[in-house]
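Have a look at the structure below before the remarks.
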Amino acid sequence: SRPDMKWDVGDMTNMHKYEDGSFDVVFDKGALDALMSTDSPDVREKAVCMFNEVARILNNSGRYICITLAEKYIIEALLGYYCTTSNTGYTINVDTVQSKKDSPFVPFYVDITKSSTGANVSNAKTVRLHMDEFGQVNPASANRLSVPCISGAEAAEQLTQVQAFHQKQYQIAKIEVGRFEKLH
């Protein structure tokens with residue numbers, strides 16, 4: 001029903017058939033999570049290949065939108081890559097995706113936007129988290145630019161804590177007679 005839409009199948013770690021800067025947006029709903037289903041050196045290497053290709057095919061103001069469950073090693077790899085790339089600047093905004101699905105993980109909406117090109121670009125503090133420490137929408141982030149930027153490492157740690165909180169909350173909801181949880 002969409003004659004102008006083009007569908008293509010390819011390898012997200014090797015998109016050689018596309019020219020540099022040929023896309024405005026790359027949308028990833030679970031592809032990174034599927035690629036990084038385990039935490040091993042070869043899987044991390046494949047993820048870097050994917051990030052390199054995404055960065056290459058995005059135009060100068062392009063956006064990589066990633067919906068992820070953000071396991072610790074996945075969010076570290078994602079933010080680590082885009083916060084340490086030296087020749088391109090990125091701004092990164094992270095929101096929670098509200099879901100009615102009963103799950104121990106909170107999905108995150110990660111918007112990575114190219115902000116400039118050229119040498120001497122700093123990505124030191126480029127991440128904005130639009131949520132509180134429990135993963136709830138932060139009312140202060142109504143003005144998205146008013147949210148302070150933090151480093152990728154700080155953001156990864158906070159997102160890991162949000163996931164840990166939700167996992168514990170999920171486990172507590174499933175407590176049965178004879179089972180207990182110790183919280184510190």
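Gln163 and Thr160 are not linked by any side-chain donor-acceptor pair at a separation below 3.5 angstrom, with hydrogens and angles left out of the test. For the residue pair Gln167 and Gln171, no side-chain donor N or O sits within less than 3.5 Å of a side-chain acceptor on the partner. Side-chain atoms of Asn52 and Tyr81 include a donor-acceptor pair closer than 3.5 Å. There is a side-chain donor-acceptor pair under 3.5 Å between Asp111 and Thr113.
With a 4.5 Å cut-off on side-chain heavy atoms, Leu35 and Met12 count as touching. In this structure the side chain of Val127 reaches within 4.5 angstrom of the side chain of Cys83, judged on heavy atoms. The shortest distance between side-chain heavy atoms of Arg44 and Tyr73 falls below 4.5 Å. Within the 4.5 Å cutoff, no side-chain heavy atoms of Met36 are placed close to those of Leu78.
Residues satisfying the side chain to side chain donor-acceptor pair (under 3.5 Å) test with Thr13, not counting sequence neighbours, are Asp11. Tyr82 is linked by a ring pair (Phe, Tyr, Trp, His ring centres under 6.0 Å) to Phe51, Tyr64, Tyr90, counting only residues two or more places apart in sequence or in another chain. Here Tyr170 pairs with nothing under the ring pair (Phe, Tyr, Trp, His ring centres under 6.0 Å) rule; sequence neighbours left out. Remark: Thr96 pairs with Gln98 by the side chain to side chain donor-acceptor pair (under 3.5 Å) rule, at least two apart or across chains. By the ring pair (Phe, Tyr, Trp, His ring centres under 6.0 Å) test, Phe27 pairs with no residue at all, sequence neighbours left out.
Hydrophobic clustering of Ile, Leu, Val, Met, Phe, Trp and Tyr side chains at less than 4.5 Å, counting indirect connections, keeps Phe105 apart from Ile74. One hydrophobic cluster, built from ILVMFWY side chains closer than 4.5 Å, holds both Val110 and Phe23.
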- [ ] Kindly indicate, with the supporting measurements, whether the criterion side-chain contact (heavy atoms from CB on, under 4.5 Å) is fulfilled by Ser115 and Thr91.
- [x] CA-CA 6 Å; Ser115 56; Thr91 56; 4.1 Å; yes
Task: Trace of the side-chain contact (heavy atoms from CB on, under 4.5 Å) decision for Ile65 with Val26 - done: CA-CA 6 Å; Ile65 297 172; Val26 171; over 6 Å; no
TODO: Would you check, one step at a time, whether the test side-chain contact (heavy atoms from CB on, under 4.5 Å) holds for Leu32 with Met50?
DONE: CA-CA 8 Å; Leu32 178 61; Met50 177 187 161; 4.2 Å; yes
Open item on the list: Using the rule given for side-chain contact (heavy atoms from CB on, under 4.5 Å), can you reason through Asp39 versus Lys72, listing the C-alpha separation, both sets of side-chain angles and the distance that settles it, and then say yes or no?
Closed with: CA-CA 10 Å; Asp39 185 16; Lys72 181 177 174 57; over 6 Å; no
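Asn14 and Glu53 make their closest contact through C-OE1, 3.5 Å (heavy atoms, listed as atom of the first residue, atom of the second, distance). Taking every heavy atom of both residues into account, Val162 and Gly135 meet most closely at CG1-CA, 3.7 Å. Counting all heavy atoms, side chain and backbone alike, Ser1 lies closest to Pro3 at O-CD, 3.5 Å. Residues Gly21 and Asn59 share a closest heavy-atom pair of O-CB, 3.5 Å.
Taking CZ of Arg128 as the start and CG of Asp95 as the end, the distance is 12.0 Å to the nearest 0.5 Å. Here CD1 of Ile92 is found 4.0 Å from OG1 of Thr126. Values are rounded to the nearest 0.5 Å. From Tyr109, atom OH reaches atom CE of Met131 across 12.5 Å, with rounding to the nearest 0.5 Å. To the nearest 0.5 angstrom, Arg56 atom CZ is 7.0 Å from Ser22 atom OG.
A donor-acceptor pair is defined here as one N or O able to donate and one able to accept, closer than 3.5 Å; such a pair exists between the side chain of Lys114 and the backbone of Leu58. Judged by distance alone, with hydrogens and angles left aside, the side-chain atoms of Arg63 form no donor-acceptor pair with the main-chain N or O of Ile112 at under 3.5 Å. Of the possible donor and acceptor atoms, one in the side chain of Glu154 sits under 3.5 Å from a partner among the backbone N and O of Ser151. Distance alone, capped at 3.5 Å, places no donor-acceptor pair between the Thr68 side chain and the Phe108 backbone.
Sorted pairs that involve residues 23-33 and meet salt bridge (charged side-chain N to carboxylate O under 4.0 Å, His left out), not counting sequence neighbours, are lacking altogether.
Electrostatic pairing of Asp8 and Lys17 counts as a salt bridge here, judged by a charged N lying under 4.0 Å from a carboxylate O.
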